[in-house]
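First listed ligand is number 1; within each ligand, the first listed atom is number 1.
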Amino acid sequence: MSLPPIDGPPDPAGGDCVGCGRCCHHPPSTVSLLADDEARLDEEQLRRLSVIEARPPFFRFLLHRDGHCVALDEATPGRHACAIYAVRPTGCRTVEAGSPCCLEARRLGHLGSSVEFRRTDTSAVE
Ligand code: SF4
Ligand code: SF4
């Protein structure tokens, strides 16, 4: 499920992100967790927000619901806050407001393909 596109560039300081949330709308198994990402989350967060794929190489991904990351707080209409912003994964940190990926997400209404979320570290898989 996408959101409607948004015209124009956002505040490069991120001031428009909570009102946008387009880059947090994406297909399942999009945001993988590297070892550092897993270390920032506690056991309860890992259990509630992520899943380890059942097939090799057993990567861990953030869970997905209704077309967006399960950590996206959609409780307030028009607001799209990340519930784990301070400890969000590395992949999320690569999507900076005003970057090509951000502009693509705003144009499409969901995350596009201009950024690859590719896990390179396999040391922390269970
Ligand atoms: S698409 Fe851009 S403006 Fe929208 S939430 Fe993501 S980084 Fe922020
Ligand atoms: S962890 Fe936060 S920033 Fe990353 S996709 Fe989920 S809601 Fe968006």
Side-chain angles (χ1 to χ4, degrees):
M1 185 175 72
S2 298
L3 293 173
I6 297 181
D7 288 332
D11 173 3
D16 298 321
C17 287
V18 171
C20 171
R22 268 56 178 178
C23 61
C24 301
H25 285 70
H26 44 62
S29 302
T30 295
V31 183
S32 64
L33 299 179
L34 304 171
D36 286 352
D37 302 324
E38 293 173 0
R40 280 195 294 276
L41 297 170
D42 61 33
E43 285 298 319
E44 187 276 332
Q45 289 172 319
L46 285 172
R47 190 169 51 251
R48 182 168 49 88
L49 301 174
S50 72
V51 63
I52 298 175
E53 287 199 323
R55 57 185 169 81
F58 306 112
F59 287 160
R60 187 192 292 272
F61 287 93
L62 286 181
L63 283 167
H64 180 270
R65 184 190 303 141
D66 297 334
H68 58 77
C69 170
V70 76
L72 192 65
D73 180 357
E74 296 278 76
T76 304
R79 305 277 293 176
H80 314 276
C82 174
I84 56 167
Y85 186 78
V87 292
R88 69 197 187 284
T90 304
C92 305
R93 296 166 192 263
T94 69
V95 184
E96 296 179 339
S99 66
C101 181
C102 161
L103 298 179
E104 181 184 61
R106 287 168 67 87
R107 189 177 72 249
L108 297 174
H110 57 85
L111 191 70
S113 58
S114 64
V115 166
E116 285 187 58
F117 295 88
R118 178 178 297 171
R119 183 169 188 158
T120 55
D121 165 32
T122 59
S123 64
V125 295
E126 294 177 357

Same cluster or not: are V31 and L49 linked, directly or through other Ile, Leu, Val, Met, Phe, Trp or Tyr residues, by side-chain heavy atoms under 4.5 angstrom apart?
yes

Taking atom 8 (Fe) of ligand 1 as the reference point, the nearest protein heavy atom with its distance
C17 SG, 2.3 Å

Which of the numbered atoms in ligand 2 are under 4.0 angstrom from any heavy atom belonging to C69?
1 (S), 5 (S), 6 (Fe), 7 (S)

Given side chains that start at C-beta, do those of C17 and E96 come closer than 4.5 Å, heavy atoms only?
no

Main-chain N/O of H26 paired to H64 side chain as donor or acceptor, under 3.5 Å:
yes

Heavy-atom distances under 4.0 Å decide this one: backbone, side chain, both or neither, for V70 against ligand 2?
neither

I need the R107 CZ to C102 SG distance, nearest 0.5 Å.
11.0 Å

For the pair D11 (side chain) and D16 (backbone), establish whether a donor and an acceptor sit closer than 3.5 Å, ignoring hydrogens and angles.
no

Give the atoms of ligand 2, by number and element, whose distance to some non-hydrogen atom of L72 is under 4.0 Å.
7 (S)

Separation between CD (E53) and OG (S29), nearest 0.5 Å, reads 4.0 Å

For the residue pair C82 and L72, what are the closest heavy atoms and their distance?
N-CD1, 4.3 Å

Got a sec: is C92 within less than 2.8 Å of atom 8 (Fe) of ligand 2 via an N/O/S atom?
no

Identify the closest protein heavy atom to atom 4 (Fe) of ligand 1: which residue and atom is it, and at what distance?
C20 SG, 2.3 Å

Return the closest protein heavy atom for atom 5 (S) of ligand 1 as residue, atom name and distance.
G21 N, 3.5 Å

Ligand 1 atoms nearer than 4.0 angstrom to some heavy atom of P10 are 3 (S)

What part of H26 sits under 4.0 Å from ligand 2 if we count only heavy atoms: the side chain, the backbone, both or neither?
side chain

Pick one of side chain, backbone, both or neither for how P89 approaches ligand 2, counting any non-hydrogen atom pair under 4.0 Å.
side chain

Show which atoms of ligand 2 fall inside a sub-4.0 Å distance from at least one heavy-atom site of C82.
1 (S), 2 (Fe), 3 (S), 7 (S)

Does ligand 1 have a heavy atom under 4.0 Å from the side chain of C23, from its backbone, from both, or from neither?
both

Out of R107, E104, R106, who gets a non-hydrogen atom closest to atom 3 (S) of ligand 1?
R106

For the pair R106 (side chain) and G8 (backbone), establish whether a donor and an acceptor sit closer than 3.5 Å, ignoring hydrogens and angles.
yes

For L62, counting its heavy atoms only, list the atoms of ligand 2 lying under 4.0 Å from any of them.
1 (S), 6 (Fe)

R48, CZ: over 12 other non-hydrogen atoms inside 6.0 angstrom:
yes

Atom 2 (Fe) of ligand 1 sits nearest the protein heavy atom C102 SG, 2.3 Å

If you measure from the Lys or Arg side-chain nitrogens to the Asp or Glu carboxylate oxygens, is any gap between R47 and E43 under 4.0 Å?
no

